[in-house]
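Everything below concerns the one structure shown next.
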There are 2 protein chains.
Amino acid sequence: MSNERPYARAMQRLQGAGLRPTRQRLGLARLLFDRGDRHVTAEQLHGEAMGDSLKVSLATVYNTLNQFTEAGLLREVVVEAGRSYFDTNTSAHHHFFHERDGMLEDIPSDHVVLTRVPEPPPGKKVARVEVIVRLSDAG
Amino acid sequence: MSNERPYARAMQRLQGAGLRPTRQRLGLARLLFDRGDRHVTAEQLHGEAMGDSLKVSLATVYNTLNQFTEAGLLREVVVEAGRSYFDTNTSAHHHFFHERDGMLEDIPSDHVVLTRVPEPPPGKKVARVEVIVRLSDAG
DNA sequence: TCAACCGTTTAGAATAACTAAAAACTAAAC
DNA sequence: GTTTAGTTTTTAGTTATTCTAAACGGTTGA
């Protein structure tokens with residue numbers, strides 16, 4: 001149904017977030033959100049955009065990813081020094097991190113149960129609890 | 001008792017890790033390990049060294065932190081893009097991260113209980129489970 | 001319709017964190 | 001001491017990310 005208007009969904013997302021639908025943003029939004037849950041780095045996304053003949057600079061990719069994150073369309077996940085992943089799944093969930101190849105993968109939410117969550121210190125509140133399960137090759 | 005030989009402990013640690021006890025490494029080890037549990041960045045530690053009139057270059061601080069980490073004396077914790085913390089507590093434990101000022105703090109281990117830990121995918125094993133509780137100012 | 005204005009967006013330049021390589025130095029072994 | 005092997009420093013990258021100034025595009029008024 002949305003074959004005729006491939007940008008319709010991306011457009012809606014941008015409008016909902018109060019971001020102007022520019023060619024670059026639409027293109028990136030489509031790459032990000034029209035392919036199911038994804039975990040991308042800025043570099044990767046830039047590469048995909050090039051391959052998709054969308055002209056964007058890497059800086060714009062960073063700007064866009066940060067704006068999307070700010071707007072709540074993405075979530076930034078930091079697992080390794082010097083590399084940020086952006087996750088299209090913004091609901092509460094956790095991650096496997098494959099140390100060998102640097103891949104990030106969602107953990108189905110019911111597979112982690114935190115029975116006890118620590119009290120925040122006075123004057124502070126818990127913004128988010130993040131669980132990262134680091135995986136290595138089985139011995 | 002160790003007042004007379006302030007470097008004795010640091011010396012032992014280095015020897016245990018098979019690292020030559022040079023002036024820089026001894027000085028840094030002392031700053032790191034003789035003050036209880038700490039979470040430092042390379043920049044911070046370099047600053048402390050300077051203040052302690054220990055001549056070390058920033059590159060050496062980075063090298064040393066990485067060597068100590070490799071040797072199991074430290075653990076690297078990544079919570080924010082573009083900044084690594086090194087934790088002198090290498091036992092299994094978790095962290096509060098204060099988003100406002102970028103401070104990292106240990107969570108007493110019995111304050112987090114993971115009832116269910118996810119199965120690793122086939123061919124993989126769990127190397128480590130990391131819980132980060134992000135704190136913001138209470139509304 | 002056109003032009004002047006003005007906030008927004010973009011992309012190249014700049015910055016910060018970190019690493020690598022080569023030369024200068026130190027510690028330990030003989 | 002001299003040699004050797006391991007360390008530190010310096011310098012020069014590299015990489016991820018941010019800054020900024022110029023280009024864009026939409027809006028208003030003529």
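In the text below, chain A, chain B and the rest are named by the order of the sequence lines, each starting its count at 1.
Not a single side chain to side chain donor-acceptor pair (under 3.5 Å) links B/Arg35 to another residue, sequence neighbours left out. Annotation: ring pair (Phe, Tyr, Trp, His ring centres under 6.0 Å) contacts of B/His46 (sequence neighbours excluded): none. Shown here are the ring pair (Phe, Tyr, Trp, His ring centres under 6.0 Å) partners of B/His94, two or more places apart in sequence or in another chain: there are none. Under the rule for a side chain to side chain donor-acceptor pair (under 3.5 Å), the partners of B/Ser91 that lie at least two apart in sequence or sit in another chain are B/Asn89. Under the side chain to side chain donor-acceptor pair (under 3.5 Å) criterion, B/Arg13 pairs with no residue at all, not counting sequence neighbours.
Between the C1' atom of D/dA5 and the CG atom of B/Leu19 lies a distance of 15 Å, rounded to the nearest Å. Between the CE atom of A/Met50 and the P atom of C/dA11 there is a distance of 10 Å, rounded to whole Å. Following rounding to the nearest Å, B/Leu45 (CG) and C/dA17 (P) show an atom-to-atom distance of 15 Å. Residue B/Leu65 contributes atom CG, which lies 16 Å from atom P of D/dT7 at whole-angstrom precision. Between the P atom of D/dT7 and the CG atom of B/Leu14 lies a distance of 10 Å, rounded to the nearest Å.
Screening residues 116-130 of chain A for side-chain hydrogen bond (donor to acceptor under 3.5 Å, both in side chains), with sequence neighbours left out, gives A/Lys124-B/Asp137, A/Arg128-A/Glu130, A/Glu130-B/Arg134. Sorted by first and then second residue, the ring pair (Phe, Tyr, Trp, His ring centres under 6.0 Å) pairs involving residues 108-139 of chain A (not counting sequence neighbours) form an empty list.
In this model, the phosphate group of C/dA11 is approached by a side-chain N or O of A/Gln24 to a distance below 4.0 Å at OP1 or OP2. Dashed line: the shortest gap from a side-chain N or O of B/Ser57 to OP1 or OP2 of D/dT9 is under 4.0 Å.
Without hydrogens or angle criteria, A/Arg38 side chain to A/Leu31 main chain gives a donor-acceptor distance under 3.5 Å.
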Might you list the N or O atoms of the protein lying below 3.5 Å from N or O atoms in nucleotides 15-22 of chain D, with each pair's distance?
residue, atom, partner, partner atom, Å
D/dT17, OP1, A/Ser84, OG, 2.7
D/dT17, OP2, A/Tyr62, OH, 3.1
D/dT18, OP2, A/Asn66, ND2, 2.8

* Structure fact -> Heavy-atom contacts, protein to nucleotides 23-30 of chain C, under 4.0 Å, summarised as B (base), S (sugar-phosphate only) or - (none) per nt, yield ----BS--

